[in-house]
2 protein chains.
Amino acid sequence: MGYQAFTVQDAIERVRTLGLIGNEPVTAEEIGDGNLNLVFRIHAGDQHLILKQALPYAKVVGESWPLSLERAWIEQSALKEFAKVAIPFVPRVYHASKEEAFTVMEDLSHLTIVRAGLLEGEKYPLLAEHIGSYLARTLFYTSDFALGPVAKKQIARQYYNPDLCDITEKLIFTDPFYDAETNAIEAGLEAEVDRVWNDAELKREVAKLEALFITKGDALLHGDLHTGSIFASADETKVIDPEFAFYGPFGFDVGQFIAHLFFAAYPKYDQLREERIKDIDTFWLTFASTFKALWEREAVEPFRSADGLVEDVLSTILQDALGFAGCELIRRTIGLAPVADLEQIADPTVRLERKRHALRLGAALIKRRTECKTFTDLRNFDVTEELSR
Amino acid sequence: MGYQAFTVQDAIERVRTLGLIGNEPVTAEEIGDGNLNLVFRIHAGDQHLILKQALPYAKVVGESWPLSLERAWIEQSALKEFAKVAIPFVPRVYHASKEEAFTVMEDLSHLTIVRAGLLEGEKYPLLAEHIGSYLARTLFYTSDFALGPVAKKQIARQYYNPDLCDITEKLIFTDPFYDAETNAIEAGLEAEVDRVWNDAELKREVAKLEALFITKGDALLHGDLHTGSIFASADETKVIDPEFAFYGPFGFDVGQFIAHLFFAAYPKYDQLREERIKDIDTFWLTFASTFKALWEREAVEPFRSADGLVEDVLSTILQDALGFAGCELIRRTIGLAPVADLEQIADPTVRLERKRHALRLGAALIKRRTECKTFTDLRNFDVTEELSR
């Protein structure tokens, strides 16, 4: 049974054959954007399912390039791995097929995608805390600190994900820092972008972050943890789409989430800035305290007994995360895959000002990340004043 | 054809079947120490060969534990990989069998093992330069900087070597830092060893170096680069035995070699110290200048264009290397597998003094490694004075 892209009818037949629905009437539709995956929503009786199938190519802005189907298997495996240690925050998986590159999981339609929700003024009072807990658990439990190096190596070798890592390397660490075709630079932003391209220190620090991304295998990362990969409500949070999962540096997921909380403030900056900064505070404090508690309870020797090590590990995670957040801020402002948080600002003057702000903030985070010994140091990173001069 | 440990007769038959020798009279003997491998030296006519076969266990101090035969395949592959980029410094391989876990290579009997040679007063005027060049080439060419991340990931995944990495993790980073059974602590050294065990800062820094060893996949390392893994003469240098090869941090091989140059001074410290420090100088300068030249000529974009990046990479390699050198100094002084450089010092007072020196130097290198921005800073690391107080 080889791979073939499903029609709606194929999707229904699969879940029926699997016994996930009976013979009751079914409604089903394809709801994906068709760029990387097919996504079918299937309702039958009380059963609400999502069937997601990988496509053998990626389509971005009309361009199409081939992409390994293996990422479906990576996503399935990562969902299961994350569910083991952070079950409240991971969608339930009912079936996974490697051969046909599809996964059947719970339908999360009762929740909203966080980016869209925040843009519409929705509140997610537990989001920051939930993601802090989710990341502390997924990162700690898949690391050497919990597994020991031998078991961890056995797991890590299953998560080579060269295709999707390559996309990240190009789109986050490379293309935004020179005049690449993939960039999408709004007219009026050229002078600010030139500042980025001519900043030798910035480019060196980005190259160091890229090298870290490529070579450090601390833990199993989600790999694409922006607010579009999170479903939530006032009391529930689910992280979806870990197809970019791989063994990478602790700080990467942490940094991406921080970057997108910054983005979430831009539509109404004066009003939302404090709220989002508080979210970042809560997120980091939850992450750090949970990680530390897990460490103290469960880290394998000899790590646990090394005095002051976990504090040092957390301080390194923070610094790396701020650097990665800076890269994400820059790439989502001028690179491929811009964010609605900026693009939907109607007033062009305001929009350009916020984009300049994002670029400045990104550069500051990248270049000054090692100044942050504790999270409160981040409050000194406001570049608003610098921009108004 | 499954695996079976060879007799001398089996070894002769294999090389004959392979056409590596003809029907001329053969002399052959097993010359290994039988702890991890069988090593047969086979002479027939003009042909001088070594056949090395992995044993399915490791024997150390009477203890025996099972060990995967896959390491023979790792060693064969690493020898071929290193030969591609550093051919003058790698023994020629004539045949490699994964199934029977053996490799046939050139006999290097015209050279001497460097540790033994140095102990007998032999000079290797080109050793430091050769190993500097060897490591610059093997580390650079197997890294992301030369291969790019996609190709590198494909190679790296072949070098998972959990068994042997586990040995290193235990014997270098863990056991010497607490009262482990594997340690071999000479009577009279207890007070100095207690200093090590009670030094919380030292133990934290060792744990950080261990985490680096476990998680950072910069380049294909030799993994066990001490002076017993090097054959040399006045003008030739060959690095053997890369069965510990894996993708690890740049600084590890560099640090191990530095540690063993330090050890080589201990038999006649007053007389040899300057000479060995000069070797370390030469080694590092050759390594750094070769690495930098390769980078400038051959690093893939975007790394090459990042201003000041290679200097930063080299400075990180140096600091990590000094930390790893410190760990190696400590473990070879009080852990399993002590070095002849110390053990063969006949006068017990002198021997204990040198061992104390090695422990102090090791701890200083580990704790103060980040003070070294350039290699000349290392000259300030003389702990002799501290010990005489």
Side-chain angles (χ1 to χ4, degrees), chain A residues 143-145 147-154 156-163 165-166 168-170 173-175 177-178 180 199-208 210-219 246-250 299 301-313 316, chain B residues 143-145 147-154 156-163 165-166 168-170 173-175 177-178 180 199-208 210-219 246-250 299 301-313 316:
Chain A
S143 77
D144 292 283
F145 299 138
L147 297 171
V150 178
K152 178 228 156 167
K153 279 195 184 67
Q154 295 303 342
R157 72 187 308 178
Q158 300 164 32
Y159 285 95
Y160 269 96
N161 198 351
D163 276 14
C165 285
D166 190 43
T168 306
E169 285 144 24
K170 286 207 172 54
F173 299 105
T174 311
D175 291 1
F177 299 94
Y178 78 108
D199 188 337
E201 184 195 354
L202 178 66
K203 288 163 89 168
R204 180 178 66 242
E205 294 305 316
V206 170
K208 281 157 74 174
E210 178 180 20
L212 190 67
F213 176 82
I214 293 173
T215 59
K216 197 87 172 17
D218 289 324
F246 75 108
Y247 262 78
F250 282 130
E301 291 290 354
F303 298 109
R304 199 168 52 211
S305 58
D307 213 24
L309 182 59
V310 67
E311 289 78 7
D312 198 276
V313 166
T316 303
Chain B
S143 77
D144 291 284
F145 299 137
L147 297 171
V150 178
K152 179 232 158 164
K153 279 193 184 67
Q154 296 303 342
R157 72 188 308 181
Q158 299 164 32
Y159 286 96
Y160 269 96
N161 198 352
D163 277 14
C165 285
D166 190 43
T168 306
E169 285 144 25
K170 286 207 173 52
F173 299 105
T174 312
D175 291 1
F177 298 95
Y178 79 107
D199 188 336
E201 184 195 353
L202 178 66
K203 288 163 91 169
R204 180 177 66 242
E205 293 305 317
V206 170
K208 282 157 72 175
E210 179 180 19
L212 191 67
F213 176 82
I214 293 173
T215 58
K216 198 87 176 6
D218 289 324
F246 75 108
Y247 262 77
F250 282 131
E301 290 292 352
F303 298 111
R304 200 168 53 210
S305 57
D307 213 24
L309 182 59
V310 66
E311 288 78 8
D312 198 277
V313 167
T316 303

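Within every chain, numbering begins at 1; the chains are lettered A, B, ... in the order of the sequence lines, protein sequences first and strands thereafter.
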Visitor: Angle class for the B:Tyr247/B:Tyr159 ring planes (parallel below 30°, perpendicular above 60°, tilted otherwise)?
Guide: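 Taking B:Tyr159 first and then B:Tyr247, their aromatic rings sit tilted (interplane angle of 30° to 60°).
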Visitor: As a quick check of understanding, evaluate ring-ring contact (aromatic ring centres under 6.0 Å, His included) for B:Phe246 and B:Tyr160, giving each step before the final call.
Guide: CA-CA 6 Å; B:Phe246 75 108; B:Tyr160 269 96; 9.7 Å; no
Visitor: Would you mind checking which part of A:Glu210 comes under 4.5 Å of any heavy atom in chain B, side chain (CB onward), backbone (N, CA, C, O), both or neither?
Guide: side chain
Visitor: Suppose we screen for salt bridge (charged side-chain N to carboxylate O under 4.0 Å, His left out). Which residues come up paired with A:Glu311, at least two apart in sequence or across chains?
Guide: A:Lys292
Visitor: For residues B:Phe213 and B:Thr168, report the shortest heavy-atom separation together with the two atoms involved.
Guide: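 Looking at all heavy atoms of both residues, the shortest contact is CZ-CG2, 3.5 Å.
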Visitor: Mind ranking B:Val206, B:Ile214, B:Asp163, B:Val150 by heavy-atom pairs under 4.5 Å with chain A and telling me who comes out on top?
Guide: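 The answer is B:Ile214.
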Visitor: Which bit of A:Ala156 comes within less than 4.5 Å of chain B, counting heavy atoms only: side chain, backbone, both or neither?
Guide: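 Looking at A:Ala156, backbone and side chain both touch chain B.
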Visitor: What part of A:Asp312 lies closer than 4.5 angstrom to a heavy atom of chain B: side chain, backbone, both or neither?
Guide: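 Side chain only.
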Visitor: Only pairs of heavy atoms separated by less than 4.5 Å count here; which of B:Lys152, B:Gln154, B:Lys216 has the most with chain A?
Guide: B:Lys216
Visitor: With chain B as the partner, which of A:Lys203, A:Glu169, A:Glu205 has the greatest number of non-hydrogen pairs under 4.5 Å?
Guide: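 With the most close heavy-atom pairs to chain B, the winner is A:Glu169.
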Visitor: At a 4.5 Å cut-off on heavy atoms, which part of A:Glu201 comes close to chain B: side chain, backbone, both, or neither?
Guide: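 Neither the backbone nor the side chain of A:Glu201 comes within 4.5 Å of chain B.
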Visitor: If you look at every heavy atom in A:Lys208 and B:Leu309, which pair is closest and at what distance?
Guide: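 Minimum heavy-atom separation between A:Lys208 and B:Leu309: CG-CD1, 3.5 Å.
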Visitor: Going through the distances and angles, do B:Phe250 and B:Thr316 end up as a side-chain contact (heavy atoms from CB on, under 4.5 Å)?
Guide: CA-CA 9 Å; B:Phe250 282 131; B:Thr316 303; over 6 Å; no
Visitor: Examine whether an atom of A:Asp144 lies under 4.5 Å from a heavy atom of chain B, and if so say whether it belongs to the side chain, the backbone or both; otherwise answer neither.
Guide: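 A:Asp144 touches chain B through side-chain heavy atoms alone.
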